[in-house]
Structure formats: C-alpha cells, structure tokens
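The structure under discussion appears below in the form of structure tokens.
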Amino acid sequence: MPYEDTHTSTAGSIPAAKLGGARKAAEPGQNAMKRLQTELMQLMTSPAPGVSAFPSADGNLLSWRATIEGPDDTPYAGLTFKLSFEFPSNYPYAPPTVLFSTPIYHPNVDFSGRICLDILKDKWTAAYNTQTVLLSLQSLLGEPNNASPLNGEAAELWDKNPALFKTKVMDRHKDLEDD
C-alpha cells in the first residue's frame, strides 16, 4: 500500500483527509429545494384565503404555478388570476421571477405580465416566501402603487375614471385553462 501524505500538499490542493466535511456540502440549489419543500407543506397545511401555489406539473420544484383571487371591493373582485413563479438556485436569498399568466389590466403590471413590486426587486429578503409574495400581490390588486406604474394609462384611470378602469379590467381578463 503506497504512502499517502495527508499533512502536506502542493499549492492549491487540499489533502483528501481534510476534505471530509466538504464532500457533504449542499449542491447548488439544494437549499432552495429544501426551502421550497417546506413552503409547499406550509401552503398545503395552512392555506391563506384567496391564494394558492404548487410546483408545475413537470415536477420541477423551481417552477411553480399560482392563483390569486381578486379581493372584494376592488375592480378585480370575482376574478381569478394565474401566475408563474421561477425560483433561482440561490432562493430564498434572491427573489423568484413572478409573472401574471392571466392577462391583467393594472397600473403595476405590464402587458407581458411583468410586475413592479419592490419586494420582488430591491426590497426582497429571505424572510419572504411564496405565500407572502402572493398575499402582497393580492393586496396590490386593491392598492396599486400609482407613483411607480408600468401601465401609465391604468394608473391614470384608476384615479380619474374608476368605471372605465373596471371596463378595461373586464375586457383584458381571460380565464386560462389549467396547465
């Protein structure tokens, strides 16, 4: 049996004997997967009214589909919206990419479904989760941030002509089939 020197090493190498714990380090995305499994269990065991989310049918835990029911006493009451969530491998330290799949007329959502919401950008913290994002989006439906619109016309109509705003909401909304 050849002699193996575990006490000295060449520059840049680490002896195998000192790597013991390093081999067990999580692969990229492993922490994200564990966190998403925990969030899924929370969503299933303690659902919040009017919101739901589940991994996509293909079984990819980094890709979810969600729904939000429009809040009462808003132009979105009685409507259901589908969204997509794409989680980065460093989730929860970076926010998911969230898009409305259902066409929506809203001051903070563009016609591609992109959302202007601070917690999905620079105000993100690892304390947020899928459910808090969904509840924030549901709240945004009734309380848009008209100071930072993606749809300027919608922001203007929200304040100046609620009846026309509601008409445009209904014209734009289309129910989508389940994936």
Side-chain angles (χ1 to χ4, degrees), residues 25-44 46-56 58 60-77 79-160 162 165 168-169 172-173 176 179:
E27 292 182 29
Q30 204 60 29
N31 288 338
M33 297 296 192
K34 287 180 183 176
R35 169 72 179 254
L36 289 167
Q37 287 171 337
T38 300
E39 288 188 29
L40 179 59
M41 288 304 293
Q42 177 195 5
L43 285 162
M44 291 169 53
S46 303
V51 300
S52 66
F54 296 95
S56 299
D58 65 5
N60 177 0
L61 204 55
L62 294 176
S63 179
W64 288 32
R65 299 294 168 256
T67 59
I68 296 175
E69 293 175 14
D72 292 339
D73 302 321
T74 73
Y76 305 98
L79 302 177
T80 300
F81 298 92
K82 294 185 186 294
L83 300 98
S84 66
F85 278 65
E86 298 298 328
F87 296 92
S89 61
N90 61 340
Y91 180 79
Y93 304 106
T97 299
V98 183
L99 298 171
F100 273 89
S101 303
T102 304
I104 182 171
Y105 187 78
H106 188 277
N108 304 117
V109 182
D110 71 12
F111 286 110
S112 298
R114 291 180 297 231
I115 304 161
C116 181
L117 181 63
D118 59 357
I119 69 164
L120 292 175
K121 308 278 187 254
D122 58 327
K123 300 288 187 206
W124 176 262
T125 77
Y128 293 128
N129 61 32
T130 305
Q131 191 170 56
T132 57
V133 169
L134 288 169
L135 292 171
S136 293
L137 289 170
Q138 189 179 46
S139 176
L140 187 69
L141 291 179
E143 300 171 20
N145 178 0
N146 284 340
S148 180
L150 282 178
N151 180 338
E153 177 192 84
E156 189 174 326
L157 286 178
W158 176 273
D159 290 327
K160 294 184 177 168
F165 183 91
K168 289 191 176 256
V169 165
R172 179 101 176 106
H173 185 269
L176 299 178
D179 328 273

Using side-chain contact (heavy atoms from CB on, under 4.5 Å), reason through Leu137 and Val51 one step at a time and then give a plain yes or no. CA-CA 10 Å; Leu137 289 170; Val51 300; over 6 Å; no

Mind running side-chain contact (heavy atoms from CB on, under 4.5 Å) on Glu156 and Asn146 for me, showing each step along the way? CA-CA 8 Å; Glu156 189 174 326; Asn146 284 340; over 6 Å; no

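Proximity of a side-chain donor or acceptor of Asn145 to a complementary backbone N or O of Leu117 within less than 3.5 Å is not detected. Although no hydrogens or angles enter the test, the distance criterion places no donor-acceptor pair under 3.5 Å between the side chain of Ser63 and the main chain of Ser56. Put simply, the side chain of Arg114 never gets that close to the backbone of Leu150: no donor and acceptor are under 3.5 Å apart. Under the 3.5 Å distance criterion, the side-chain polar atoms of Ser136 are matched with a main-chain donor or acceptor of Thr132.
Between Val98 and Ile115, the shortest heavy-atom distance links the atoms O-CD1, 3.5 Å. Nearest heavy-atom pair across Thr67 and Ser52 is OG1-OG, 2.7 Å. Among all heavy-atom pairs drawn from Pro88 and Ala32, the shortest one is O-CB, 4.1 Å. Contact between Leu79 and Pro75 at its shortest, heavy atoms only, is CD1-O, 4.3 Å. Residue Tyr128 comes nearest to Lys123 through the heavy atom pair CE1-O, 3.3 Å, listed as atom of the first residue, atom of the second, then distance. Arg172 and Pro103 get closest at one heavy-atom pair: O-CB, 3.2 Å.
Looking only at side-chain heavy atoms (C-beta outward), Pro55 and Leu40 come within less than 4.5 Å of each other. Two residues are said to be in side-chain contact when any heavy atoms from C-beta on lie closer than 4.5 Å; Glu86 and Pro96 fail this criterion. No side-chain heavy atom of Thr38 sits less than 4.5 Å from a side-chain heavy atom of Asn129.
Ring planes of Phe87 and Tyr91: perpendicular class, angle over 60° (limits at 30 and 60°).
Annotation: the span from Phe85 atom CZ to Leu62 atom CG amounts to 13.5 Å, rounded to 0.5 Å. For the atom pair Cys116 SG and Leu140 CG, the distance stands at 8.5 Å (nearest 0.5 Å). Considering CH2 of Trp64 and CG of Leu43, their distance stands at 5.5 Å, rounded to 0.5 Å. Between the OG1 atom of Thr130 and the CG atom of Leu83 there is a distance of 11.5 Å, given to the nearest 0.5 Å. With values rounded to the nearest 0.5 angstrom, Leu99 atom CG is found 10.0 Å from Leu120 atom CG.
For Gln138, there are no side chain to side chain donor-acceptor pair (under 3.5 Å) partners, not counting sequence neighbours. Remark: Phe165 engages Tyr105, Trp158 in a ring pair (Phe, Tyr, Trp, His ring centres under 6.0 Å) (not counting sequence neighbours). Taking the ring pair (Phe, Tyr, Trp, His ring centres under 6.0 Å) definition, one finds that Tyr93 meets it with nothing, sequence neighbours left out. Taking the side chain to side chain donor-acceptor pair (under 3.5 Å) definition, one finds that Thr74 meets it with nothing, sequence neighbours left out. The ring pair (Phe, Tyr, Trp, His ring centres under 6.0 Å) check on Tyr76 picks up Phe81, His106, with sequence neighbours excluded. Considering only residues two or more places apart in sequence or on other chains, Asn60 meets the side chain to side chain donor-acceptor pair (under 3.5 Å) condition with none of them.
Side-chain contact annotation: Glu69 with Thr80, donor-acceptor N/O pair under 3.5 Å absent.
The 12-atom threshold is not exceeded at CG of Asp73, counting heavy atoms of other residues, nucleotides or ligands nearer than 6.0 Å.
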